[in-house]
Amino acid sequence: MTAKIIDGKNLSVQIKAEIASKITALDKAPCLAVILVGNDEASLVYDRNKQKAAQTVGMDCEFYHLEEQTKEQELLDLISRLNNDSHVNGIIVQLPLPKHLDTKKILEAVAPKKDVDGFNPVNAGRLQSKDSEAFVSATPRGVLFMLQSVCSDLSGKNVVIIGRSNIVGRPLASLLLNHDCTVTVTHSKTKNIQDFTKNADIVIAACGCPKMVKKEWIKDGAIVIDVGINRIDGKLCGDVDFEDVLSVAGYVTPVPGGVGPMTIAMLLENTYDAYLKQNGIVKK
Ligand code: NDP
């Protein structure tokens, strides 16, 4: 078997075109506010990409680039101002924050109705309790979209997720459970992860370990989603050994060009949804 590629770049272009067309029908453009504290290079690149993508679909994007030494209260004041600014529909605070800032406190300060990253515990709790009001974090939402693009019925599928972080593994587990999958979450203390993955219909790697997942870990025809973004000698790679699993998997996502572009597309979709909710418009 030679795996088919799930092309996240292509899918994200289609999603963004649909968002752009939906935005032309609105009275005004939705607005996303992006806050970056400090000069982390990867974060700067991510935020520039988010700005560019927002502009491409006709959204307003306000970028707040604060100094590394910004005081916590200053950041909280900015978030509070944006929470109360009716022009702003979505707010994201780029992680990781500098060490002197309390990440939990900052994420809790973003109003749940504008929390398009879904990192506020209110949205995390809503997702866990299968409340449709939840903003689902962009990466898990992107993964779900990719799975649905190749599998019309996720019900009863055995899914193994590698990684249990608050931004990927945990929300993904809740989301897939809400779609009637049978979900196993593995992590750095799990013994013999391949004993779990090799029986799975769907394997999702989100652990930040370059090329860890090999073909021996994968059942014939399984869907393999690679969330990981790593660099080896400056070259990007995922948590899955892409070339190796090609001969076994049914579908696989590449890195780059897989989950990454989907994450940005879903962030825009969440911002569009936030606009609709804040303006009392029912989504069709
Ligand atoms: P974290 O470092 O927050 O979490 C990593 C998780 O993987 C932890 O739960 C950890 O276990 C687990 N883990 C680490 N090593 C192993 C191992 N050897 N075996 C099994 N599990 C292991 O990372 P994130 O969740 O933030 O990100 C994961 C990856 O996804 C990274 O490469 C990141 O760059 C990428 N990413 C990509 C995005 C995209 O848009 N494509 C978005 C977000 C992240 P434990 O809990 O026990 O420590």
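The analysis underlying the following values was restricted to heavy atoms, covering all of them including side chains, and did not include hydrogens, waters or symmetry mates. All ligand and atom numbering here is 1-based and tracks the order in the structure. Note that the coordinates shown come from a computational prediction; the quantities given were computed from them, not determined experimentally.
- The protein heavy-atom contact nearest to atom 27 (O) of ligand 1 is Val168 CG2, 4.4 Å.
- By the criterion of a heavy-atom distance under 4.0 Å, neither the backbone nor the side chain of Thr190 is placed next to ligand 1.
- Side chain of Asp153 to main chain of Ser155: a donor-acceptor pair is present (N/O by atom type, distance under 3.5 Å, no hydrogens or angles).
- Applying the side chain to side chain donor-acceptor pair (under 3.5 Å) test to every pair with at least one member in residues 7-24, sequence neighbours left out, gives these pairs: Lys22-Glu269.
- Of the candidates Gly163, Gly258, Ser188, the one placing a heavy atom closest to atom 22 (C) of ligand 1 is Ser188.
- Counting heavy atoms closer than 4.0 Å to ligand 1, residue Thr139 contributes side-chain atoms (C-beta onward) but none from N, CA, C or O.
- Contact annotation for Ile193 and ligand 1: only side-chain heavy atoms (C-beta onward) come within less than 4.0 Å of the ligand.
- Protein heavy atom nearest atom 14 (C) of ligand 1, with residue, atom name and distance: Cys207 O, 3.6 Å.
- Less than 4.0 angstrom separates some heavy atom of Ile162 from each of these atoms of ligand 1: 20 (C), 21 (N).
- Exactly one of Ile204, Val183, Ile225 qualifies for a side-chain contact (heavy atoms from CB on, under 4.5 Å) with Leu172. That residue is Ile204.
- Looking at Asn166 against ligand 1, nothing comes within 4.0 Å, counting heavy atoms.
- Asn120 places a side-chain N or O within 3.5 Å of a backbone atom of Val122 that can act as its donor or acceptor partner.
- Only the side chain of Thr263 comes within 4.0 Å of ligand 1, counting heavy atoms alone; its backbone N, CA, C and O stay farther away.
- Partner of Tyr64 under the side-chain contact (heavy atoms from CB on, under 4.5 Å) criterion, chosen from Ile91, Leu82, Val34: Leu82.
- Under the side-chain hydrogen bond (donor to acceptor under 3.5 Å, both in side chains) criterion, Asp241 pairs with Lys214, sequence neighbours left out.
- Of the protein's non-hydrogen atoms, Ser165 CB, 4.1 Å is the one closest to atom 1 (P) of ligand 1.
- Checking side-chain atoms of Asp117 against main-chain N and O of Ile92 turns up no donor-acceptor pair under 3.5 Å.
- Per-atom contact check: atom 48 (O) of ligand 1 touches the protein, criterion being a heavy-atom distance below 4.0 Å.
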